[in-house]
Amino acid sequence: MMIIMQPGATREQISTVIDRVHANRMEAHTNVGTRQTIIGVVGDRHNVPADQFESLPNVQSVEPVLKSYELASRQFHPENSVFSLGGFTIGGDEIPVIAGPCSVESRQQILETAQAVKEAGANALRGGVFKPRQSPYSFQGLGEEGLEYMAEARALTGLPLVVEVMAESQLPLMSKYVDMLQIGARNMQNYSLLRAVGETHIPVLLKRGLSATIDDLLNAAEYILFGGNNRVVLCERGIRTFETATRNTTDINAIPVLKSLSHLPVVLDPSHSTGHTSFVSAVAKAAVAAGADGIIVEVHPDPEHAFSDGQQSLKPEEFARLVKQVKAVAEAVDRTLVPEETPFFPNGVING
């Protein structure tokens with residue numbers, strides 16, 4: 001249920017409601033909006049009558065939540081969530097671009113790529129150090145060595161790091177290096193990992209599963225939000241369908257649908273959704289036109305010799321052209337890319 005407070009409710013009155021929620025052995029998640037406060041109540045709602053809360057001072061109403069993803073829904077949080085990652089914000093009018101290689105292969109490779117994407121207009125650096133590969137004989141990543149190279153690239157360029165985490169056991173190591181944790185498509189319904197990530201309070205990029213519905217994705221986000229981490233970004237990265245012309249089928253529909261159902265920022269990965277460099281730029285532009293809050297793109301200085309996903313990785317000069325084209329589309333829909341020079345914000349919530 002949601003407990004909606006009257007505009008002007010005091011901190012003491014809000015605390016009284018939260019105490020009553022806890023007394024009924026339920027969890028309270030508070031959203032302080034620009035006009036009023038909404039308290040999301042999670043737990044066994046069936047045995048607690050609404051009038052227990054309606055009679056408390058300055059409670060406007062008590063309403064049921066019609067979705068299973070309560071905290072991710074716009075019903076609980078009507079305004080867009082906007083939060084900072086390093087020197088930029090995500091979820092607002094500005095559209096950040098995240099770029100980098102599928103895998104960190106060497107110190108030279110990641111430093112060269114980081115410098116190239118920074119100069120082209122990227123706002124964050126992606127790179128895999130633990131790789132969930134279909135075959136156990138494929139390159140599995142450099143592990144902590146790769147994280148050290150990523151940290152050096154951040155020191156060189158100022159770009160915050162977006163890195164995939166595959167297991168709970170990796171979280172203590174990742175938390176020492178990473179600015180944003182990525183949950184890959186294969187782990188979208190790894191609920192123990194989602195719970196653990198929810199307790200870290202490190203920003204999370206949550207990718208849609210290969211065959212997941214939009215409801216599946218939002219319920220996965222709910223696990224992270226329930227753990228107390230409200231800095232979650234949803235990522236559409238294509239789904240498996242009967243079509244074989246591309247690696248996956250890009251669900252452009254998902255962008256406006258997710259934006260209508262949830263307050264969380266939505267980004268699109270045109271590299272995985274298409275699987276081929278020829279289509280990445282077109283789909284990236286379509287994503288921004290459809291309302292995406294950012295894009296994440298694979299870039300490699302020598303795709304032909306990449307250890308993984310070379311066929312969908314852009315060369316630095318191709319990425320630079322993509323950024324210019326995406327910027328034009330953003331301006332056409334009354335948005336903009338993140339300025340090249342942005343003030344530093346600590347990683348924290350600005351709105352939501």
Side-chain angles (χ1 to χ4, degrees), residues 29 71-72 77 81-92 96-100 104 110 114 122-132 141 143-144 146-155 157-208 217-218 220-235 237 262-267 269 293-294 296 338 342 344-352:
H29 296 263
L71 304 178
H77 194 303
S81 283
V82 182
F83 58 84
S84 65
L85 178 65
F88 64 89
T89 59
I90 186 165
V97 178
I98 304 168
V104 178
I110 192 61
N123 310 110
L125 178 67
R126 62 145 294 154
V129 299
F130 298 105
K131 297 303 299 178
E144 186 169 10
L147 287 170
E148 291 172 352
Y149 296 154
M150 290 282 282
E152 187 176 350
R154 175 176 54 199
T157 64
L159 296 175
L161 306 181
V162 181
V163 185
E164 181 173 359
V165 59
M166 291 175 52
E168 294 174 65
S169 60
Q170 296 168 356
L171 283 172
L173 174 64
M174 300 285 273
S175 64
K176 294 192 298 183
Y177 292 93
V178 175
D179 300 290
M180 173 175 267
L181 295 166
Q182 176 182 304
I183 303 293
R186 294 173 180 85
N187 270 318
M188 190 207 77
Q189 290 180 307
N190 182 342
Y191 297 121
S192 60
L193 177 59
L194 298 178
R195 288 181 185 275
V197 167
E199 295 173 359
T200 67
H201 304 287
I202 300 172
V204 179
L205 179 73
L206 177 64
K207 287 199 165 187
R208 183 179 181 180
L217 175 59
L218 289 170
E222 191 77 5
Y223 273 87
I224 302 172
L225 295 168
F226 182 74
N229 188 348
N230 55 3
R231 292 180 286 176
V232 179
V233 177
L234 305 173
C235 182
R237 45 83 65 208
S262 177
H263 55 90
L264 300 174
V266 180
V267 306
D269 177 349
D293 296 304
I296 178 169
V338 176
T342 55
F344 176 79
F345 294 100
N347 286 345
V349 175
I350 290 179
N351 176 16

Undergrad: Residues in ring pair (Phe, Tyr, Trp, His ring centres under 6.0 Å) with Phe226, at least two apart?
TA: His29
Undergrad: Using side-chain heavy atoms (C-beta onward) and a distance below 4.5 Å, is Asn229 in contact with Glu199?
TA: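 No, every pair of side-chain atoms sits at 4.5 Å or beyond.
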Undergrad: Could you check if a side-chain atom of Thr89 sits within less than 4.5 angstrom of a side-chain atom of Phe83, using non-hydrogen atoms only?
TA: no
Undergrad: For a quick test of reading the model, state the closest non-hydrogen atom pair linking Ser169 to Pro172 and the distance between them.
TA: O-CD, 3.5 Å
Undergrad: Could I get the full list of side chain to side chain contact (heavy atoms under 4.5 Å, CB included) partners for Ala220, not counting sequence neighbours?
TA: Met188, Leu194, Leu206
Undergrad: For Ala124, check side chain to side chain contact (heavy atoms under 4.5 Å, CB included) against everything at least two apart and list the hits.
TA: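 Here the qualifying residues are Phe88, Ile98, Pro160, Val162.
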Undergrad: Which heavy atom of Val82 sits nearest to which heavy atom of Gly92, and what is that distance?
TA: CG2-N, 3.9 Å
Undergrad: Quick one: list whatever passes side-chain hydrogen bond (donor to acceptor under 3.5 Å, both in side chains) with Glu144, sequence neighbours left out.
TA: Tyr177
Undergrad: With Glu152, which residues qualify under salt bridge (Lys or Arg N to Asp or Glu O under 4.0 Å), at least two apart?
TA: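 Checked Glu152 against salt bridge (Lys or Arg N to Asp or Glu O under 4.0 Å); matches are Arg107.
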Undergrad: Is Ile183 close to Leu205 at the side-chain level, that is, under 4.5 Å between some pair of heavy atoms?
TA: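 They are not in side-chain contact.
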Undergrad: Name all residues meeting the side-chain hydrogen bond (donor to acceptor under 3.5 Å, both in side chains) criterion together with Asn187; count only those two or more places apart in sequence or in a different chain, and write none if there are none.
TA: Asn190
Undergrad: Does any part of the side chain of Leu147, heavy atoms only, come nearer than 4.5 Å to the side chain of Val104, both counted from C-beta?
TA: no
Undergrad: Please enumerate all residues that pass side-chain hydrogen bond (donor to acceptor under 3.5 Å, both in side chains) together with Glu148, with sequence neighbours excluded.
TA: none
Undergrad: How about Leu181 and Val163: do any of their side-chain heavy atoms sit closer than 4.5 Å?
TA: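 The answer is no; the side chains never approach within 4.5 Å.
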Undergrad: Check Arg154 against Leu159 and note the closest heavy-atom contact, atom names and distance.
TA: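 Shortest heavy-atom separation between Arg154 and Leu159 comes out as CG-O, 3.2 Å.
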Undergrad: With the side chain counted from C-beta on, respond yes when Met180 and Val204 share a heavy-atom pair under 4.5 Å apart, and no when they do not.
TA: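 SC-SC contact between Met180 and Val204 ruled out.
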Undergrad: Can you check whether Ala72's main-chain N or O pairs, donor with acceptor, with Ser262's side chain at less than 3.5 Å?
TA: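 Indeed, once roles are kept as given, a pair shorter than 3.5 Å links the two residues.
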Undergrad: Is there a side-chain contact between Ile202 and Val197 (heavy atoms, below 4.5 Å)?
TA: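 Counting from C-beta outward, Ile202 and Val197 never come under 4.5 Å.
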Undergrad: With sequence neighbours left out, write down each residue that passes side-chain hydrogen bond (donor to acceptor under 3.5 Å, both in side chains) with Arg237, or none if nothing qualifies.
TA: none
